[in-house]
Amino acid sequence: MEIETKILLAQQLNEQMAPLSLVGRISLIGEKFPKAVFTTSLGLEDQVVTWAIAAIAQQTRSIRIATLRTGRLFLTTVKLLAKTKKHFALDIIEYAPDANELKDYLKKYSLNGFYESKQARLACCFVRKIAPLKRALSGADAWVTGLRKEQSVNRSNIVFAQYDSEYNLIKLNPLADLSLAELTKIISENNIPINPLHKKNYPSIGCEPCTRAIKQGEDERAGRWWWEKDDKRECGLHLPQSAPSPISIQHSET
Ligand code: SF4
């Protein structure tokens with residue numbers, strides 16, 4: 001499909017998804033995209049999307065689910081992965097870093113070198129997340145995420161459907177307009193398993209060494225890479241279209 005066609009399709013889907021319920025949005029994605037991939041970090045948002053995918057699994061074409069096993073996840077996240085597969089009777093495909101790329105990264109920056117510089121941090125995120133994500137999205141015709149506008153300043157412009165030039169895919173964000181209160185309600189009404197860290201002030205959970213609890217008044221992603229001063233911190237998986245790519249930064253620096 002040509003890029004212009006993808007952009008047009010994304011615009012149409014954006015309008016179609018807006019009035020639908022979450023399950024309606026997921027159903028529409030399943031119908032339109034036979035090779036859609038949903039990438040989950042097992043966070044609160046992603047657990048709700050997984051629940052919605054499980055809800056449509058019997059009626060329509062299901063959506064493939066993938067997760068990134070970075071090697072630095074919280075034990076609670078690893079346990080939740082196993083629990084989620086069982087709870088929803090769904091397969092979640094795991095993508096790990098390439099052993100040789102990881103070895104090179106460790107040699108150059110050391111295990112926790114990401115605290116020392118942004119360059120090292122982006123390189124670690126590249127090896128442990130972005131390169132595996134590229135493999136997870138290989139052959140996909142759409143990328144489903146659990147992104148929400150309310151999560152951070154950096155995500156405030158998120159729409160339901162957009163063309164992602166980095167991955168040349170239509171990116172679908174069925175939770176874009178949902179509030180944390182609405183998500184919590186869905187979780188409690190449907191007995192959706194979540195990471196126990198959420199109840200300890202961890203609204204956003206990534207790798208263990210790069211995530212801390214947030215303080216009152218901080219935005220939901222303030223606990224991610226907290227030592228970096230930039231308020232638009234991301235690992236590079238979900239870049240605003242206008243931002244420089246940490247992939248290209250990493251390629252030029254390593
Ligand atoms: S979040 Fe931290 S540990 Fe995880 S990949 Fe990025 S820098 Fe590495």
Side-chain angles (χ1 to χ4, degrees), residues 37 39-47 66-81 92-138 143 145-148 151-155 166-167 194-198 200-214 218-240 243-254:
V37 172
T39 51
T40 175
S41 67
L42 287 302
L44 195 130
E45 284 81 7
D46 290 346
Q47 290 299 91
T67 195
L68 309 178
R69 287 293 296 267
T70 67
R72 302 302 306 266
L73 299 176
F74 286 91
L75 182 58
T76 53
T77 306
V78 175
K79 285 183 176 171
L80 181 60
L81 173 59
I92 300 178
I93 306 160
E94 301 175 28
Y95 290 85
D98 175 85
N100 286 327
E101 285 181 12
L102 188 56
K103 198 170 148 196
D104 290 346
Y105 164 79
L106 293 171
K107 194 172 164 195
K108 182 166 183 181
Y109 294 106
S110 82
L111 182 64
N112 291 330
F114 44 76
Y115 291 128
E116 306 303 322
S117 71
K118 181 107 180 217
Q119 175 178 322
R121 203 272 282 171
L122 291 173
C124 185
C125 284
F126 181 85
V127 171
R128 293 185 186 275
K129 293 182 169 183
I130 295 171
L133 173 73
K134 287 190 158 214
R135 279 185 273 124
L137 293 179
S138 171
W143 178 17
T145 84
L147 301 185
R148 289 187 302 117
Q151 284 173 307
S152 68
V153 176
N154 207 26
R155 296 186 175 182
E166 188 71 43
Y167 297 96
I194 59 167
N195 196 319
L197 287 172
H198 289 307
K200 296 180 179 175
N201 287 334
Y202 286 77
S204 174
I205 303 169
C207 292
E208 183 168 11
C210 300
T211 308
R212 65 154 170 79
I214 63 164
E218 287 186 320
D219 87 30
E220 291 177 31
R221 286 179 61 81
R224 307 291 297 277
W225 310 288
W226 69 92
W227 64 92
E228 291 180 2
K229 299 302 169 207
D230 181 0
D231 69 352
K232 295 190 172 175
R233 300 179 300 270
E234 294 279 351
C235 58
L237 297 183
H238 303 293
L239 284 173
S245 163
I247 299 175
S248 54
I249 290 168
Q250 196 275 344
H251 278 172
S252 64
E253 290 173 348
T254 59

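All ligand and atom numbering here is 1-based and tracks the order in the structure. Just so it is clear, the model here is predicted, and its values are computed rather than measured. Residue numbers count from 1 along this sequence.
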(message) So that I can check it, does any N, O or S atom in C210 come closer than 2.8 Å to atom 4 (Fe) of ligand 1?
(response)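 Looking at C210, which is the residue asked about, there is no N, O or S atom under 2.8 Å from atom 4 (Fe) of ligand 1.
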(message) Residue-level breakdown please: for R128 versus ligand 1, do any non-hydrogen atoms fall below 4.0 Å on the side chain, on the backbone, on both, or on neither?
(response)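 Under 4.0 Å from ligand 1, R128 contributes side-chain atoms alone.
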Identify every side-chain donor-acceptor pair in residues 95-102 under 3.5 Å, counting partners at least two apart or on other chains, and give the distances.
| residue | atom | partner | partner atom | Å |
| --- | --- | --- | --- | --- |
| D98 | OD2 | N100 | N | 3.0 |
| D98 | OD2 | E101 | N | 2.9 |

(request) Taking side-chain hydrogen bond (donor to acceptor under 3.5 Å, both in side chains) as the test, write out the residues that go with T76, two or more places apart. (result)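 Testing T76 for side-chain hydrogen bond (donor to acceptor under 3.5 Å, both in side chains), a comparison that skips the adjacent residues, returns N195.
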(message) A side-chain contact here means heavy atoms from C-beta on lying under 4.5 Å apart; do E45 and E220 qualify?
(response)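 With C-beta onward as the side chain, the pair touches.
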(message) Quick check on contacts: which atoms of ligand 1 are under 4.0 angstrom from a heavy atom of R121?
(response)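 By the 4.0 Å cutoff, the relevant atoms are 7 (S).
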(message) Testing the 3.5 Å rule here: is there a donor-acceptor pair between the side chains of Q119 and Y109?
(response)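 Indeed, the side chains of Q119 and Y109 share at least one donor-acceptor pair under 3.5 Å.
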